[in-house]
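The structure under discussion appears below in the form of structure tokens.
For the numbers below, each heavy atom of this structure counts, side chains included, while hydrogens, waters and symmetry mates do not. Per chain, numbering begins at 1; letters A, B, ... match sequence-line order.
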There are 2 protein chains.
Amino acid sequence: MGKRTIESVIVDGWDFGPGQLLSPGDVANIFRVDPKTVTRWANDGKLSSIRTPGGVRRFSRQQVTYLMSGR
Amino acid sequence: MGKRTIESVIVDGWDFGPGQLLSPGDVANIFRVDPKTVTRWANDGKLSSIRTPGGVRRFSRQQVTYLMSGR
DNA sequence: GCCGATTCGGGTAATTCGGGTG
DNA sequence: GCTGTCCGAATTACCCGAATCG
């Protein structure tokens, strides 16, 4: 071992590792929806998410890209 | 590189990247047509579209601009 | 600690969906 | 063939004050 960095973080099969996290605003811009709508997707289980210790959601770039290109 | 969300999303050769998406109402206003008509264009394959996780269509500004300037 | 921007929550309007019909 | 409209259901947008982010 040694440096003790994060190798991978996978939730629901999606990559939440370093450089893969999108904010609600990011996802909203990508789909052209209100950030509130992104929150609803998360609550409805349509979008996987993790939470910061403060309670703010973060999303997987990998999953968002997948959803953009047609389910 | 700046904000780094998603580089590009191309469907049927048209740009569906961030800042390039139009709602059904947007397209309807541009062509002065009922939004339902825009939906029919999409169903008939005359207009490419992607869907939000909720099932609402989004269109490519690039394609609409192309069609506006006469085929 | 301060500050601007964002994202919580909730609630309520406005759009869009799909099918059917003129 | 193409478009507008009616309907109910589902999805999304805008409003607020409080909290978090960077």
Separation of atom NZ in Lys36(B) from atom C1' in dG8(D), rounded to whole Å | 12 Å
Looking at Trp14(B) versus Phe59(B), is the centre-to-centre ring distance below 6.0 Å?
-> no
Between dT16(C), dC8(C), dT7(C), which nucleotide has the shortest distance from any of its atoms to the side chain of Arg57(A)?
-> dC8(C)
Is Val33(B) close to Trp41(B) at the side-chain level, that is, under 4.5 Å between some pair of heavy atoms?
-> yes
Using whole Å, report how far CG of Asn29(B) lies from P of dG4(D).
-> 12 Å
Give the rounded distance in Å between these two atoms: CZ of Arg40(B) and C1' of dT16(C).
-> 14 Å
Closest to the Ser23(A) side chain, choosing from dC6(D), dC8(C), dT7(C) | dT7(C)
dT3(D) phosphate, OP1 or OP2: any side-chain N/O from Arg32(B) under 4.0 angstrom?
-> no
Any side-chain N or O of Thr52(B) under 4.0 Å from OP1/OP2 of dT12(D)?
-> yes
Thinking salt bridges, do Asp26(B) and Arg32(A) make one under a 4.0 Å N-O criterion?
-> yes
Once you round it to whole Å, what is the distance between P of dC8(C) and CG of Asn43(A)?
-> 9 Å
Report yes if some heavy atom in the side chain of Ser23(A) is under 4.5 Å from a heavy atom in the side chain of Arg58(A); otherwise report no.
-> yes
State whether Trp41(A) places a side-chain N or O below 4.0 Å from either non-bridging phosphate oxygen (OP1 or OP2) of dT11(D).
-> no
Under 3.5 Å on both distances, the Watson-Crick or G-U partner of dC2(C) = none
Residue matched to dT12(D) through Watson-Crick or wobble contacts both under 3.5 angstrom = dA13(C)
Between Gly55(A) and Pro24(B), who's closer to the 5' end of DNA chain C by nearest nucleotide?
-> Gly55(A)
Within this structure, what is the CG-to-P distance between Asp34(B) and dG19(C), rounded to whole angstrom?
-> 17 Å
Would you mind reading off the distance between Leu21(B) atom CG and dT12(D) atom P, rounded to a whole angstrom?
-> 13 Å
Nearest to the side chain of Thr37(B), which nucleotide is it out of dG4(D), dG18(C), dT7(C)?
-> dG4(D)
Could you tell me whether the phosphate oxygens of dC2(D), OP1 or OP2, come under 4.0 Å of any side-chain nitrogen or oxygen in Lys46(B)?
-> yes
Rounded to whole Å, CG of Asp44(A) lies from C1' of dT11(D) at a distance of 10 Å
Which of the following nucleotides, dG22(D), dG9(C), dT12(D), is nearest to the side chain of Arg58(A)?
-> dG22(D)
Would you say the side-chain atoms of Asn43(A) pair up with the backbone N or O of Arg40(A), donor to acceptor, closer than 3.5 Å?
-> no
Mind calculating the distance between CG (Leu47(B)) and P (dT3(D)) to the nearest angstrom?
-> 12 Å
